[in-house]
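For clarity, every value in this text was computed on a predicted model and none was experimentally measured. We name chains A, B, ... by the order of the sequence lines, and we start the count at 1 in each one.
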There are 2 protein chains.
Amino acid sequence: MSANFSVSEENYIKAIYHIQQSVDTVSTNALAEQLKTKPASVTDMLKKLKTKKLLHYEPYQGVRLTAEGRKLALGIVRKHRLWEFFLVEKLQFGWDEVHEVAEELEHISSKKLIDKLDAYLDFPRFDPHGDPIPDSSGRMAAQQQINLIDLPLNTPAEVCSVGSQSAELLELLTHKQISIGTRLEVKKQFGFDHSIEIRVKNQPAFTISQQLAQVLFVKRV
Amino acid sequence: MSANFSVSEENYIKAIYHIQQSVDTVSTNALAEQLKTKPASVTDMLKKLKTKKLLHYEPYQGVRLTAEGRKLALGIVRKHRLWEFFLVEKLQFGWDEVHEVAEELEHISSKKLIDKLDAYLDFPRFDPHGDPIPDSSGRMAAQQQINLIDLPLNTPAEVCSVGSQSAELLELLTHKQISIGTRLEVKKQFGFDHSIEIRVKNQPAFTISQQLAQVLFVKRV
DNA sequence: AAATTATTTTAGGCAAATCTAAATTTTATT
DNA sequence: AATAAAATTTAGATTTGCCTAAAATAATTT
Ligand SMILES: [Mn+2]
Ligand SMILES: [Mn+2]
Ligand SMILES: [Mn+2]
Ligand SMILES: [Mn+2]
């Protein structure tokens, strides 16, 4: 029961899982880009993971996780998000500095460890970026985040994650005084450049670009 | 600054450090046994670690850590013991089930993580087995444990670790009602078979074999 | 439909970490 | 000192995960 997979294999499975959230079938190139590796290396790994029955793969046809592959992916996502929660809630990390560390911690194999950590943290349902945490049987709450672009007018919402951690984005967010937890609503949408006008608390409304809105994720409050 | 070492390299460095606690220079065979690998593999790795200046090695001469190697070893030992403390104190693991998990956790690379964990745990000085935890600059308390064989007569002491976790040993300890934290003193030593008579609390004294005494470590209280 | 372009796979190679078997060196014993 | 035994190293393979360059296939454009 429950084989042991390498860090590389786990990273592939998790990446496929994430890409499958938006497309049905995952291409070799998409995986190579996500994993910062080359398409030829991806093909090699796909052949191996197929023999391990973690995914469906036919040459040139792209790839989809099997039920078993999805189960493995959910286990890794669970570990990743629980560790992120731990780092922020207990160790006082900032939400923008936990990802890389969790990228390593998610590969610690002990199931007992992660279940005890879950209990210690009091079974959190969302990680510091607002993403739902699968429970020990792989179930999780529906994604509550939507892109700021898709938030209807005059609907109060709260920023719960950002789609990038680049220094340039963080600089802009700092200047605009937007951070995780900021309450806002959209007052106007401009079709010409897809910029939107938002209002934070009772301050005067201001405009943000399409590019910025696209990396902001919010949930209704 | 501060290069990045593989899990394998780190395990070798830590093993050499531990063996050097009892002998000055570490043999290829001793390392192979400790790491459950073959002497030929050890030789390969020693050549590599030598080029990385972590140890002094001349063919057939055995091996000793350099200052840099020792520093790396202390960092790994620090991580191992802090994680063990975390697992026992926060996650309610038993002291006898933390070693394997810590064996993985000790290779998580973030220095910030380990320093924040240290602070969160309130800078513990000893791990659940009574072994001292190096601080962030590599300093640690002197080893306070001594072998039960070496405890003088009529000196109150407390069991703080056992030299093995075999099921057979644990069965015997359970039967004798000895566990981590048990207070005892040695009442008699028998030269013939090196068995010793000990007394736990106010119960009647009883005898334990040399083999058992040799795997029990205590500190004076 | 043919040609061009993009995607994906194959072929061949490399570095890390391991192994077995054979050769070498050191240590212990006669 | 010579021999036997033990420890260690070398030689040659293997597996994993990655790479580049070339070939094959699929998708798009003319
Ligand atoms: Mn990872
Ligand atoms: Mn997250
Ligand atoms: Mn280890
Ligand atoms: Mn310990």
Side-chain angles (χ1 to χ4, degrees), chain A residues 3-17 19-20 22-65 69 72-73 76 103-104 106-109, chain B residues 3-16 19-20 22-65 69 72-73 76 103-104 106-107 109:
Chain A
N4 215 28
F5 299 100
S6 74
V7 169
S8 239
E9 290 170 334
E10 291 191 349
N11 283 337
Y12 272 86
I13 292 296
K14 193 183 64 158
I16 295 166
Y17 171 84
I19 296 171
Q20 273 199 279
S22 47
V23 295
D24 190 67
T25 195
V26 177
S27 73
T28 301
N29 271 358
L31 258 177
E33 194 190 356
Q34 173 105 10
L35 293 166
K36 286 172 179 143
T37 184
K38 302 291 149 146
S41 309
V42 172
T43 300
D44 287 347
M45 182 61 95
L46 293 182
K47 285 192 279 193
K48 181 157 62 120
L49 294 177
K50 180 184 178 167
T51 73
K52 298 197 176 188
K53 314 233 179 180
L54 294 172
L55 43 79
H56 300 289
Y57 166 69
E58 294 302 326
Y60 298 103
Q61 298 301 125
V63 80
R64 284 185 344 277
L65 292 181
L72 176 58
I76 303 162
E103 204 58 45
E104 284 183 60
E106 72 191 357
H107 305 290
I108 302 293
S109 60
Chain B
N4 215 28
F5 299 99
S6 74
V7 168
S8 239
E9 290 170 333
E10 291 191 347
N11 283 337
Y12 271 86
I13 293 296
K14 193 182 66 157
I16 295 166
I19 298 171
Q20 273 201 277
S22 48
V23 294
D24 190 65
T25 193
V26 177
S27 73
T28 300
N29 271 357
L31 259 176
E33 194 191 356
Q34 173 105 11
L35 293 165
K36 286 171 179 142
T37 183
K38 301 291 145 134
S41 309
V42 172
T43 301
D44 287 348
M45 183 61 94
L46 293 182
K47 285 192 277 194
K48 180 158 62 121
L49 293 175
K50 180 184 178 167
T51 73
K52 298 198 176 187
K53 313 235 180 175
L54 294 173
L55 43 79
H56 300 290
Y57 166 68
E58 293 303 326
Y60 298 102
Q61 298 302 126
V63 80
R64 283 185 343 278
L65 293 180
L72 176 60
I76 303 162
E103 205 59 45
E104 284 182 59
E106 71 190 358
H107 305 290
S109 61

*B:Ile13 to B:Gly69 - nearest heavy-atom pair and separation*: CG2-O, 3.5 Å
*Please tell me which of the listed nucleotides, C:dT10, D:dT10, C:dT7, lies nearest to the side chain of B:Lys47?*
D:dT10
*For B:Leu35 and C:dA16, give me the distance from atom CG to atom P, rounded to whole Å.*
19 Å
*B:Glu10 side chain to B:His107 main-chain N or O, any donor-acceptor pair under 3.5 Å?*
no
_Integer-rounded Å distance: C:dT7 P and A:Leu31 CG_ = 14 Å
_Pairs where residues 27-46 of chain B contributes a residue and the test side-chain hydrogen bond (donor to acceptor under 3.5 Å, both in side chains) is met, not counting sequence neighbours_ = none
*asked:* Under a 3.5 Å distance rule, please check whether B:Glu104 uses its side chain to pair with a backbone N or O of A:Ser109 as donor and acceptor.
replied: yes
*Taking all atoms of both residues into account, what is the closest heavy-atom pair of A:Gln61 and A:Thr25, and its distance?*
O-OG1, 3.7 Å
*Short side-chain N/O contact to D:dT8 OP1/OP2 from B:Asn29, under 4.0 Å*: yes
_Is any side-chain heavy atom of A:Val26 closer than 4.5 Å to one of A:Leu55?_
no
_I need the NZ-C1' distance between B:Lys52 and C:dA15, as an integer number of Å._
11 Å
*In whole angstroms, how far is the C1' atom of C:dA16 from the CG atom of B:Leu49?*
12 Å
*asked:* Whether A:Tyr57 contacts C:dT9 is assessed here as follows: a side-chain N or O lying under 4.0 Å from the phosphate OP1 or OP2. Is that the case?
replied: yes
*Hey, does A:Thr28 reach any base, or is it just sugar-phosphate, or nothing, if we go heavy atoms under 4.0 Å?*
sugar-phosphate
_Protein within reach of the bases, or only the backbone? For nucleotides 19-27 of chain C, mark each nucleotide 5' to 3' as B, S or -, using heavy atoms under 4.0 Å._
BBB--BSS-
_For B:Ser27 and A:Ser8, find the nucleotide of DNA chain D closest to each by heavy atoms; which residue's nucleotide sits nearer the 5' end?_
B:Ser27
